[in-house]
Every structure is written in C-alpha cells, then in structure tokens.
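One structure is given here, and the rest of the page talks about it.
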Amino acid sequence: MADQASKDAAAQQRIVSHMQKDHHDSIVRYLEHYNKVSAWTAQSGVLTAVDLNGMTLTASGKTHRIPFDPPLKSYSEARERVVLMDKECLKGLGRSDITINEFIWPTGRYGIEFAVILGIFAAYSQRWWFAPGGIVERSLGAGVAKFSYKIQPWLFGGLVVVHVAELAYFVPARLRKHSVNPRTGLFWLWCAAQAVMGIGCSKRFDALVEKKRVAKGKQQH
C-alpha cells in the first residue's frame, strides 16, 4: 500500500509539473470554461493538485475544483483525459486549437509599411505644423503646407477611425480566438502593432497561425 501511495504521489507531481510547464494555456481555458472565470483572472491560474476524481486549481487567491467525469481509473488515463477536456474547452469557448504565444516583429516590406504608416500618423497628428509660417511651409513650401493643413483633420481622423475599427475586430477574431490573454505583454504588443499597421498586422498574424498549423500537422503524422 505504501509503495502504491508513493507511486501515485509521484504520478500526481509529474502531471502537475508537466501541465504547469508546458500547458498553462490549457489551465487558463479550464478555468474559463468549467469555472466561468474571466480571462484576466484565469491567466494567473495554477494547477495545485490532481487526483483520480479531478483537478484543483487556484486563480487570484481563489480555489477551484474541476471534477473528472467519470473519475480516472488510474493516472495513466490522465493525459488522454486532460487533452479531451481541453478540446471541450476550445469548442465551448469558440477558440482555435492553435495557440499563439509569440510576437513577430515587422521586417522586410512589413517593416517599411510599419515605418511609413507610423510616419503618417506622426506627421499629421498636429495641424499647427502646417499653418502659415509654420515648419512645413518653411521646409516644403506653401503649397504642401496649405494642402496638408486642409486635409489634416480628415486624414488623421479617418486613419484613427479605420484602425480603431480594425483593432476592435482583431482582438476577438484573432487574439481571443487563439488564446492570447489580455493580461500578457504579448496581447498588448499585437494590439499596438495592429493599431499602427491595420490589415498588414492581421496578415502577419494569419501567416503565423498557418505556420503553426502546418507544423502541428507534421507532428501528428
């Protein structure tokens, strides 16, 4: 009996350590789906214990219990069960089976596009720069300054409206769908890039998702 108890304890510790180290995104989804914890709170989730009847987790100081239904017959069943439960979470939360856990910095043509759009935002953020006698008129001439002064509110305002709308769509359609949590710096890096680049950032994100999907497909075969 003592020998079996020590084997069970070792198995429990292996499961807990493995889940914490390699599958924290699954732990977050368990809390969101089974315990209805917000994504923000669930990000702090920790798997503290597992037994044949279920898992015990904590998030922001509160303890949560997720039962195994039916209970496990042995700990050798744990891996298959937690994978099935994660699939149930993905379906229930409307998430993709591809989790994005990295940021791709804009390089090449995307880097040029990022610099150009950021430059336009910066250049047209202040209308007084284009006023008569201002820095633009002195540097580029009255014609450019007069034209830019006229279009500045429409150009800058239009860019803001379009990019904010694109960001509002990007967050649920891509970040939440691929389990990028709002409590992480990764979430805000993608948001900042999307706010500047708009559709160019979405294309980079989609390319990363496809790359991971192809890699996952090769692992399964």
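The chain is numbered in sequence order, starting from 1. The shown structure was predicted, so the numbers you read here are calculated from the model rather than taken from an experiment.
With sequence neighbours excluded, the residues satisfying side-chain contact (heavy atoms from CB on, under 4.5 Å) with Lys87 are Val83. Partners of Asp97 according to the salt bridge (charged side-chain N to carboxylate O under 4.0 Å, His left out) rule, which considers only residues two or more places apart in sequence or in another chain, are Arg213, Lys216. For Lys212, the salt bridge (charged side-chain N to carboxylate O under 4.0 Å, His left out) partners at least two apart in sequence or on another chain are Glu102.
Heavy-atom minimum distance, Arg204 versus Trp105: NH2-C, 4.1 Å. Taking all atoms of both residues into account, the shortest heavy-atom contact from Ala78 to Ile15 is CB-CD1, 3.5 Å. When all heavy atoms of Ala39 and Glu32 are compared, the closest pair comes out as CB-OE1, 3.4 Å.
Side chains of Asp25 and Ser179: no donor on one and acceptor on the other come within 3.5 Å. A donor-acceptor contact under 3.5 angstrom links the side chains of Gln4 and Asp8, judged on distance only.
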Validation: residues 142-155 side-chain donor-acceptor distances under 3.5 Å, sequence neighbours left out:
unit_1: Ser148; atom_1: OG; unit_2: Tyr124; atom_2: OH; d: 3.1
unit_1: Ser148; atom_1: OG; unit_2: Val144; atom_2: O; d: 2.9
unit_1: Gln152; atom_1: NE2; unit_2: Tyr124; atom_2: O; d: 2.6

Distance-only criterion, 3.5 Å: show the donor-acceptor pairs between side-chain atoms of residues 158-173 and protein atoms not counting sequence neighbours.
unit_1: His163; atom_1: ND1; unit_2: Ala195; atom_2: O; d: 2.8
unit_1: His163; atom_1: ND1; unit_2: Val196; atom_2: O; d: 3.1

Run the side-chain donor-acceptor check on residues 44-61: report pairs under 3.5 Å with partners two or more places apart or on a different chain.
unit_1: Ser44; atom_1: OG; unit_2: Thr41; atom_2: O; d: 2.7
unit_1: Ser44; atom_1: OG; unit_2: Ser60; atom_2: N; d: 3.1
unit_1: Ser44; atom_1: OG; unit_2: Ser60; atom_2: OG; d: 3.3
unit_1: Thr48; atom_1: OG1; unit_2: Thr56; atom_2: O; d: 3.0
unit_1: Asp51; atom_1: OD1; unit_2: Asn53; atom_2: N; d: 2.7
unit_1: Asp51; atom_1: OD1; unit_2: Gly54; atom_2: N; d: 3.0
unit_1: Asp51; atom_1: OD1; unit_2: Arg65; atom_2: NH2; d: 2.9
unit_1: Asp51; atom_1: OD2; unit_2: Arg65; atom_2: NH1; d: 3.4
unit_1: Asp51; atom_1: OD2; unit_2: Arg65; atom_2: NH2; d: 3.0
unit_1: Thr56; atom_1: OG1; unit_2: Arg65; atom_2: NH1; d: 2.8

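Hydrophobic cluster membership is shared by Tyr110 and Leu118, with clusters built from Ile, Leu, Val, Met, Phe, Trp and Tyr side chains linked at under 4.5 angstrom. A single hydrophobic cluster is seen to contain both Leu31 and Val16, as judged by linkage of ILVMFWY side chains at heavy-atom distances under 4.5 Å, directly or through other members. Trp40 and Val28 are assigned to two separate hydrophobic clusters, defined by single-linkage of ILVMFWY side chains at heavy-atom distances under 4.5 Å. The cluster map of Ile, Leu, Val, Met, Phe, Trp and Tyr, joined by side-chain heavy atoms under 4.5 Å apart, puts Tyr30 and Leu90 in different clusters. Ile199 is not connected to Trp190 by any chain of hydrophobic side-chain contacts under 4.5 Å among Ile, Leu, Val, Met, Phe, Trp and Tyr, and they are in different clusters.
A donor-acceptor pair is defined here as one N or O able to donate and one able to accept, closer than 3.5 Å; such a pair exists between the side chain of Thr184 and the backbone of Asn181. Trp129 contributes no side-chain N or O that, together with a main-chain N or O of Ala123, makes up a donor-acceptor pair within less than 3.5 Å. Judged purely by atom type and a 3.5 angstrom limit, His24 uses its side chain to pair as donor or acceptor with the backbone of Gln43. In terms of modelled atom types and a separation under 3.5 Å, the side chain of His178 and the main chain of Ile98 share a donor-acceptor contact. The backbone N or O of Gly133 lies less than 3.5 Å from a partner atom in the side chain of Arg138, making a donor-acceptor pair.
In this structure, the side chains of Phe156 and Arg127 stay at 4.5 Å or more apart for every pair of heavy atoms. Counting heavy atoms from C-beta outward, Lys62 and His64 have side chains that approach closer than 4.5 Å.
Atom NE2 of His23 and atom CZ of Arg29 lie 10.0 Å apart (nearest 0.5 Å). Expressed to the nearest 0.5 Å, how far CG of Asp86 lies from NE2 of His33 amounts to 10.0 Å. How far CZ of Arg14 is from CD of Gln12: 10.0 Å, rounded to the nearest 0.5 Å. The CZ atom of Phe205 sits 10.5 Å away from atom CZ of Phe103, with the distance rounded to the nearest 0.5 Å. Remark: Leu72 CG to Tyr75 OH distance equals 7.5 Å, nearest 0.5 Å. With rounding to the nearest 0.5 Å, the separation of CD in Gln194 from CG in Leu175 is 8.0 Å.
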Test side chain to side chain contact (heavy atoms under 4.5 Å, CB included) on Ile66 and Met85 and set out the steps. CA-CA 10 Å; Ile66 302 175; Met85 291 174 70; 3.6 Å; yes

I would like to know whether Arg95 and Cys89 meet side chain to side chain contact (heavy atoms under 4.5 Å, CB included); could you show each step before the answer? CA-CA 8 Å; Arg95 305 276 176 81; Cys89 291; over 6 Å; no

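Using a cut-off of 4.0 Å between Lys/Arg side-chain N and Asp/Glu carboxylate O, Glu113 and Lys203 are scored as not salt-bridged.
For the pairing with Glu77, the side chain to side chain contact (heavy atoms under 4.5 Å, CB included) check across Arg79, Glu80, Lys73 returns one residue only, Lys73.
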